[in-house]
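Notes to accompany the following structure.
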Amino acid sequence: MLESDWASRYDGKLLSAREAVGKIPAGSRILIGSGAAEPVTLVESLAEHGGHLSDNDIVHLLTLGSAPYVRPEFAGRFRHSAFFIGPNVREAVQAGRADFTPVFLSEIPRLIRSRRARIDVALLQVTPPDARGYVSLGVSVDIVRAAVEAADLVIAEVNPLMPRTFGDSFVQIDDIDWLVPVQTPILELEAEPLDDVSIAIGRHVAGLVPHGATLQTGIGKIPHAVMAALKNHEDLGIHTEMLSDSVIDLVLSGVINGRKKTLLPRKLVTSFVMGTRRLYDWVNENPAVELRPSDFTNDPFVIAQNERMIAINSALAVDLTGQVAADTLWGRFFSGIGGQVDFIRGAARSSQGKPIIALPSTAQGGTVSRIQTVLDAGAGVVTSRGDVHWVVTEYGAADLWGKNVRQRAAALIEIAHPDFRAELVAQAKARKYVLPDQRLPRVPPRGEEAVDLELESKAKISIRPIRISDEEPLRALLYALSDDSRYQRFHAHVCPPGHEQLLRWVDVDHDECVALVATTVSDAGEELIAVARYDVDKASGRADVSVVVADAWQNRGVGTLLFRRLAEVARARGVAGFRADVLANNGRMLAIFNKSGLQVGTRLDQGTYRVNMAFPQ
């Protein structure tokens, strides 16, 4: 057929929705277009005018429509099999009127093309054809592209309100059997309002995102909170399975520009778009946005080609060994595997990439902990403990990659809700996950959260309260000190302290004793590079203070910044001042004190300076 002849063939394909449904044979396996691109008129006609149909299977990913085919009265006509369980079909799946197919999103197109997941009929929604007779699949390419290629019968709604998108979204009119003209608004998904928990999670996740990173995010408050927290980042890119409204403002402000992307630079790559009309108008004929099939966007080997790939996914629960439950809730199917594992594995193999699982610390109004000693009976593990790297709640971020179970359990308990930490510690001890003397993590007061700072060398450090899980990093820091640095700190040539002493050092009450650490993050994970501590003497109101900086980070300003932060905390708490004993030849420590802004007085006593520091009025 000549390209110029398409218009005459187009008119011969036009039918009403009722007529088009009449073309579907009984016993067919029908795929419905995904997300916001669901062909609503055809779906409604299936229910209203599909009396001739029986024993038909309906398959799809998440859709935004009402899904009338799962209602009990249609049980003899339709049975739904969900690749991903959305709210509109969840009750039917849980009641046994519909099925769930666990599968990686990246593999569904291959299942369809190979006919292992047979598709006889594809119902979709497209744009009107262009001058050459090509329609666009609009806001959903994902698994629909494979269905168009594999189905025996393709029926499409033609909707002028569907955005015309670029990438691998175009279908020649000859590849569609029947066309149903409609003019109905594209289904929308409004963003949920952010709350304090999602905002805190977003801030913690944003702290793990380097400049120049490429991002994958999903649906819900947490992804939106993460994007809101990235407004001061630079040169971000997008490679994701879903694009939402939250990207628009970051693109318009220049934060997302794709300049540093190593795969399809300057392109926002996604497999489907779901949000509000504002988003649909923005992606319409936008050459910066490319929609690709799921076997491209979600292929871990493709994902890994993006350097600094940051994958952000949600979960229902995480156990203390790192197993992630994301598709089941209390033993019942809730959602699906989706693209979580695809992106977790792709980001893990990306140069400087980070796979992140982000979730609130509690559920059901704070009555249930999402950090659990063991997952509930019947919970499905979507992401294995071997795949998990970062886990984030509103209480912080835990890096699990390469850590043993004891280290994982301690780190996860620290980011659990404080109301459940004692129970988790007791259960972890009973299962021998932690040592018998494992301490209960304490919660630092508000205002003492981590702060990110930049040294004169442009190196970035983070200063935060010390944690129970810092015992081993602190031991590593002390062992790595040179003999001279160790002597300057302890005033003697001593070996680093053992477990019991270190445990006392990291288990501070955040009141009379405060300890802060300085850390850096690299491909090797978080490294503890300095620690500062004070202990209050109740009689004088002053506090004894000490600072230790790793040899490689000395003379770079780390000690100065760390001590200033410690002084801020002490002054806010009403501490009268600091005191310390410093060897006369320890010029570096004396310089840190003198640069602090405190009123410093010294008295030399047998080779040691007795230093007293007061906060200026």
Side-chain angles (χ1 to χ4, degrees), residues 21 24-35 37-40 42-44 46-47 50 53-124 140 142-144 146-147 150-153 219 241 271-272 294-295 298 316 325-342 375-383:
V21 167
I24 300 174
S28 296
R29 203 154 194 262
I30 305 167
L31 181 134
I32 293 176
S34 312
E38 176 185 347
V40 176
L42 283 170
V43 169
E44 292 173 348
L46 275 177
L53 298 173
S54 60
D55 296 328
N56 290 77
D57 290 331
I58 291 182
V59 299
H60 57 69
L61 293 173
L62 171 71
T63 59
L64 294 183
S66 61
Y69 41 83
V70 299
R71 296 204 297 258
E73 61 264 34
F74 293 119
R77 189 186 302 179
F78 305 115
R79 187 168 181 87
H80 172 49
S81 184
F83 289 130
F84 190 93
I85 304 168
N88 55 354
V89 301
R90 186 169 295 135
E91 187 276 332
V93 172
Q94 293 177 351
R97 298 195 312 275
D99 299 311
F100 167 51
T101 303
V103 62
F104 300 133
L105 186 48
S106 62
E107 294 183 348
I108 298 177
R110 183 156 61 97
L111 289 173
I112 291 173
R113 292 191 184 98
S114 69
R115 305 284 288 181
R116 180 179 284 269
R118 192 185 85 254
I119 302 298
D120 302 313
V121 181
L123 303 182
L124 50 139
S140 178
D142 46 60
I143 67 172
V144 174
D152 299 320
L153 178 65
I219 303 171
E241 68 186 42
S271 69
F272 66 95
S294 299
D295 52 351
N298 286 57
L316 298 172
D327 67 352
T328 49
L329 189 63
W330 300 302
R332 299 195 296 173
F333 295 124
F334 185 82
S335 55
I337 293 175
Q340 180 173 124
V341 178
D342 294 330
L375 298 176
D376 293 331
V381 175
V382 167
T383 301

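Along the sequence shown, the residues carry numbers beginning at 1.
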Might you point out which heavy atoms bring [X] and [Y] nearest each other, and give the distance in Å?
X    : Y    : result
S34  : I143 : OG-CG1, 4.2 Å
V144 : G33  : CG2-CA, 4.0 Å
A147 : I119 : CB-CG2, 4.4 Å

message: Suppose we screen for salt bridge (Lys or Arg N to Asp or Glu O under 4.0 Å). Which residues come up paired with R97, at least two apart in sequence or across chains?
response: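 Result, salt bridge (Lys or Arg N to Asp or Glu O under 4.0 Å) vs R97: E91.
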
field: Which residues share a salt bridge (Lys or Arg N to Asp or Glu O under 4.0 Å) with D152, sequence neighbours left out
entry: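 For D152 the salt bridge (Lys or Arg N to Asp or Glu O under 4.0 Å) partners, ignoring immediate neighbours, are R115.
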
field: Audit row: I337, V103, side chain to side chain contact (heavy atoms under 4.5 Å, CB included) steps and yes/no
entry: CA-CA 6 Å; I337 293 175; V103 62; 5.8 Å; no

Value rounded to 0.5 Å, distance of [atom1] in [X] from [atom2] in [Y]:
X    : Y    : atom1 : atom2 : result
L46  : I32  : CG    : CD1   : 6.0 Å
F272 : L105 : CZ    : CG    : 7.5 Å
H60  : L124 : NE2   : CG    : 14.0 Å
F74  : S54  : CZ    : OG    : 14.0 Å
I30  : I58  : CD1   : CD1   : 5.0 Å

Donor-acceptor pair, side chain of [X] and main chain of [Y], under 3.5 angstrom:
X    : Y    : result
T328 : G380 : yes
S114 : R110 : yes
E38  : G65  : yes
D120 : R29  : yes
N56  : P25  : yes

Partners meeting side-chain contact (heavy atoms from CB on, under 4.5 Å) with [X] (sequence neighbours left out):
X    : result
S335 : F84, D327
L316 : L329, F334, R370
L375 : A317, D319, Q323, A325, Q372, A379, V381

- prompt: With a 3.5 Å cut-off and no angle check, do the side chains of S271 and E241 form a donor-acceptor pair?
  reply: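 E241 and S271 do not have a side-chain donor-acceptor pair below 3.5 Å.
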
query: Strictly by modelled atom types, are S106 and S294 linked by a side-chain donor-acceptor pair under 3.5 Å?
result: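 S294 and S106 do not have a side-chain donor-acceptor pair below 3.5 Å.
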
- prompt: Under the side chain to side chain contact (heavy atoms under 4.5 Å, CB included) criterion, do V59 and H80 qualify, and how do the steps go?
  reply: CA-CA 6 Å; V59 299; H80 172 49; 5.5 Å; no

With a 4.5 Å cut-off on side-chain heavy atoms, are [Y] and [X] touching?
X    : Y    : value
N298 : I108 : no
V341 : V382 : yes
L61  : D142 : yes
W330 : D376 : yes
L62  : I219 : yes

Could I get the full list of side chain to side chain donor-acceptor pair (under 3.5 Å) partners for [X], not counting sequence neighbours?
X    : value
E44  : none
D295 : R113
N88  : T63
R71  : E73

- request: Sort and list the pairs that fulfil salt bridge (Lys or Arg N to Asp or Glu O under 4.0 Å) and have at least one residue in residues 333-342, not counting sequence neighbours.
  value: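 Every candidate salt bridge (Lys or Arg N to Asp or Glu O under 4.0 Å) pair involving residues 333-342 fails, so no pair, neighbours aside, qualifies.
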
task: Output every pair passing salt bridge (Lys or Arg N to Asp or Glu O under 4.0 Å) with a member in residues 77-86, not counting sequence neighbours, ordered by first then second residue.
output: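 Salt bridge (Lys or Arg N to Asp or Glu O under 4.0 Å) check on residues 77-86 returns R79-D99.
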
task: With sequence neighbours excluded, tell me which residues meet ring-ring contact (aromatic ring centres under 6.0 Å, His included) with F100.
output: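 Scan of F100 (ring-ring contact (aromatic ring centres under 6.0 Å, His included), adjacent residues dropped) gives F333.
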
